[in-house]
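Below is one structure; the comments refer to it alone.
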There are 2 protein chains.
Amino acid sequence: MPRRTDLSDTYCPVGRSAELVGDRAVLLILRDLFFGVRRFEAFQANTGLGPQILADRLKRMEREGVVERKAYQQRPVRHEYWLTDKGKALFDILYAMRNWAERWAYSPGETGYDGHAVRYTHRKCGADVGLATVCPECGDILGYGDLKGEMSPVLIAEREARASA
Amino acid sequence: MPRRTDLSDTYCPVGRSAELVGDRAVLLILRDLFFGVRRFEAFQANTGLGPQILADRLKRMEREGVVERKAYQQRPVRHEYWLTDKGKALFDILYAMRNWAERWAYSPGETGYDGHAVRYTHRKCGADVGLATVCPECGDILGYGDLKGEMSPVLIAEREARASA
DNA sequence: ATAGTAACTATGATAAACATAGTAACAAGC
DNA sequence: GCTTGTTACTATGTTTATCATAGTTACTAT
């Protein structure tokens with residue numbers, strides 16, 4: 001889609017974020033990055049994105065400073081994509097998206113959806129945090145690094161089915 | 001852009017949110033809705049979107065149940081767009097986007113940017129909450145309704161300039 | 001009868017996305 | 001030393017969304 005209007009110079013902070021995060025492909029890549037995925041082919045398998053939008057978005061994200069390309073082997077040179085601090089800080093946005101969807105985007109008796117699609121536990125105290133941003137057990141404010149995410153069986157099955165296709 | 005892949009039936013919560021929120025236009029409309037804007041022409045002026053993507057997105061958002069069209073006058077019938085509860089719950093995502101951008105998306109000496117582009121205060125205790133999700137003064141968890149947002153002078157000027165053009 | 005207001009719809013050019021195929025640079029096996 | 005495999009992409013052409021601009025509907029006010 002032609003996007004002539006550039007929002008990266010607006011004074012509105014939501015506009016500036018939207019320039020990066022207002023894009024399905026970027027969000028799917030970020031999701032995978034937060035689950036520990038680092039390689040091109042894995043992103044392709046998990047997100048279902050074609051190689052060029054994937055390549056294009058990874059370049060964009062690198063230009064914006066949210067990911068870094070790191071060589072993990074020479075001969076032949078192969079790269080992995082790692083989140084920078086600026087990238088890791090995007091966690092709160094993804095987490096808010098997850099929380100919203102878990103609460104509002106699943107129909108009541110949806111098949112295979114019991115509890116939550118992704119369960120987060122507080123690394124420090126082990127508590128299941130539900131949809132909270134503050135640990136219900138110890139009261140800590142929760143951010144990237146504090147939380148451990150685990151996919152539910154249906155979600156794992158879905159990802160495996162996609163990866164093998 | 002052709003978007004053949006539909007994410008609304010994935011089990012991944014980020015995927016489901018991305019289907020709605022992974023779109024620049026939707027984000028800009030939501031931003032305005034959270035600032036109290038309700039009318040078509042005002043959205044157009046503030047977001048810079050053309051009338052058809054605006055109309056298309058508002059329909060999509062209505063279909064998704066995040067906004068409601070309400071007639072504010074008869075003869076001729078005119079409508080306003082109001083956030084539903086499901087829509088209001090999206091605040092956390094927008095707030096996370098604002099927080100990320102205020103911290104990471106402005107260059108150090110950027111003209112006119114002193115402090116924050118949008119300042120939020122806790123309605124209950126009056127404290128400036130900065131970039132927090134928990135009130136630094138009284139410790140309350142902050143969500144939609146608890147916060148009052150105020151645009152900085154540069155941002156107001158930018159919006160007025162856009163509206164008059 | 002003309003001008004104004006608010007919320008759109010219609011039209012055509014442009015640019016982005018998708019599917020599919022192909023390339024580069026090697027390693028490993030036969 | 002030739003084929004197969006691996007990983008990370010690039011190239012090509014069709015499909016589809018977006019943008020800019022203009023026009024429409026249904027009225028009120030002067």
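Every chain is numbered from 1, with letters handed out A, B, ... down the list of sequences. Worth knowing before you read on, the calculation uses all heavy atoms, side chains too, and leaves out hydrogens, waters and symmetry mates.
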For this session: Return the set of residues passing salt bridge (charged side-chain N to carboxylate O under 4.0 Å, His left out) with A/E150 (not counting sequence neighbours), or none when no residue passes.
Result: A/R119
For this session: Name every residue in residues 39-49 of chain A that has at least one heavy atom under 4.0 Å from any atom of DNA chain D, in order of residue number, or write none if there are no such residues.
Result: A/R39, A/F40, A/E41
For this session: Let me know the distance between CD1 of B/I53 and C1' of D/dT21, rounded to the nearest Å.
Result: 14 Å
Problem set entry | For A/D32, salt bridge (charged side-chain N to carboxylate O under 4.0 Å, His left out) partners two or more places apart | A/R159
Exercise. Are any of the side-chain heavy atoms of A/L30 and A/M61 separated by less than 4.5 Å?
Worked result: yes
For this session: With the side chain of A/R78 defined as its heavy atoms from C-beta on, choose the nearest nucleotide among D/dT7, D/dC9, D/dA22.
Result: D/dT7
For this session: Using heavy atoms to find the nearest nucleotide of DNA chain D for A/P51 and A/P76 separately, return the residue whose nucleotide is more 5′.
Result: A/P76
Exercise. Between B/E102 and B/R98, is there a side-chain N and carboxylate O pair less than 4.0 Å apart?
Worked result: yes
Seminar exercise, completed: Residue pairs meeting salt bridge (charged side-chain N to carboxylate O under 4.0 Å, His left out), one or both in residues 38-47 of chain A, sequence neighbours left out, come to A/R39-A/E80
Exercise. Quick one: is C/dA7 close enough that its OP1 or OP2 comes under 4.0 Å of any side-chain N or O from B/K59?
Worked result: no
For this session: Determine whether any donor atom in the side chain of A/E80 lies under 3.5 Å from an acceptor atom in the base of D/dT7, or the reverse, and answer yes or no.
Result: no
Exercise. Taking N and O atoms by type only, does the side chain of A/Q52 place a donor or acceptor under 3.5 Å from a partner on the base of C/dA16?
Worked result: no
Exercise. Restricting to pairs with a member in residues 41-82 of chain B, which pass ring pair (Phe, Tyr, Trp, His ring centres under 6.0 Å), not counting sequence neighbours?
Worked result: none
Exercise. Rounded to whole angstroms, how far apart are CG on A/L28 and P on C/dA17?
Worked result: 13 Å
Problem set entry | Neighbours of DNA chain D within residues 68-75 of chain A, by heavy-atom distance under 4.0 Å | A/R69, A/Y72
Exercise. What is the distance from CZ of B/R57 to P of C/dC8, rounded to the nearest Å?
Worked result: 15 Å
Exercise. Would you say B/E62 and B/E68 make side-chain contact, with heavy atoms under 4.5 Å?
Worked result: no
For this session: Give the rounded distance in Å between these two atoms: NE2 of A/H79 and P of C/dC26.
Result: 12 Å
For this session: Measure from CZ on B/R38 to C1' on C/dA6 and round the result to the nearest Å.
Result: 17 Å
Exercise. Taking only N and O in the side chain of B/Y81, is any of them less than 4.0 Å away from OP1 or OP2 of C/dA6?
Worked result: no
Exercise. Of all residues at least two apart in sequence or in a different chain, which pass the salt bridge (charged side-chain N to carboxylate O under 4.0 Å, His left out) check with B/E158?
Worked result: none
Seminar exercise, completed: Under the rule of Watson-Crick or G-U wobble with both distances under 3.5 Å, where | means paired to another strand and [ ] a crossing pair, DNA chain D maps to ||||||||||||||||||||||||||||||
For this session: Send over the distance from A/D23 CG to C/dC18 P, rounded to a whole Å.
Result: 9 Å
For this session: Taking salt bridge (charged side-chain N to carboxylate O under 4.0 Å, His left out) as the test, write out the residues that go with A/R16, two or more places apart.
Result: B/E110
Exercise. Transitive ILVMFWY cluster of B/L28 at side-chain heavy atoms under 4.5 Å: who else is in it?
Worked result: A/L7
For this session: Provide the full list of side-chain hydrogen bond (donor to acceptor under 3.5 Å, both in side chains) pairs with a residue in residues 132-145 of chain B, sequence neighbours left out, each pair given once.
Result: B/K124-B/D140
Exercise. B/Y95: what forms a ring-ring contact (aromatic ring centres under 6.0 Å, His included) with it, not counting sequence neighbours?
Worked result: B/F91, B/Y120
